[in-house]
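Some notes on the structure that comes next.
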Amino acid sequence: MPTVNANKHTAHDLQLAGQMRREDYKTIKHMDKATLAAYLSRVWKRGYDAGYQAAVKSVAPQLREAAELKAADKEG
């Protein structure tokens with residue numbers, strides 16, 4: 001039996017990720033320019049923050065190891 005990678009997305013998953021729910025589309029369709037700009041700014045900010053947190057989480061162990069090595073060098 002082949003193993004399944006939980007982090008791997010299927011083509012269908014990616015297609016759905018690019019689609020908007022009808023309710024959201026109707027709401028956005030009726031927004032004025034200022035409201036739409038604020039909404040898109042919030043969407044962008046959430047995406048940026050999620051990416052930043054993912055990057056910090058993936059790099060944190062490497063930074064911790066480097067700090068421990070540096071501290072050990074200062075002690076010894």
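Only this structure's heavy atoms are used, side chains among them; waters, hydrogens and symmetry mates stay out.
Asp24 contributes atom CG, which lies 12.5 Å from atom CD of Gln19 (distance to the nearest 0.5 angstrom). The CZ atom of Arg21 sits 10.0 Å away from the CD1 atom of Ile28 when rounded to the nearest 0.5 Å.
In this view, Tyr48 and Trp44 satisfy the ring pair (Phe, Tyr, Trp, His ring centres under 6.0 Å) rule, not counting sequence neighbours.
The main-chain N or O of Ala37 is never found under 3.5 Å from a side-chain atom of Ser41 such that the two would form a donor-acceptor pair.
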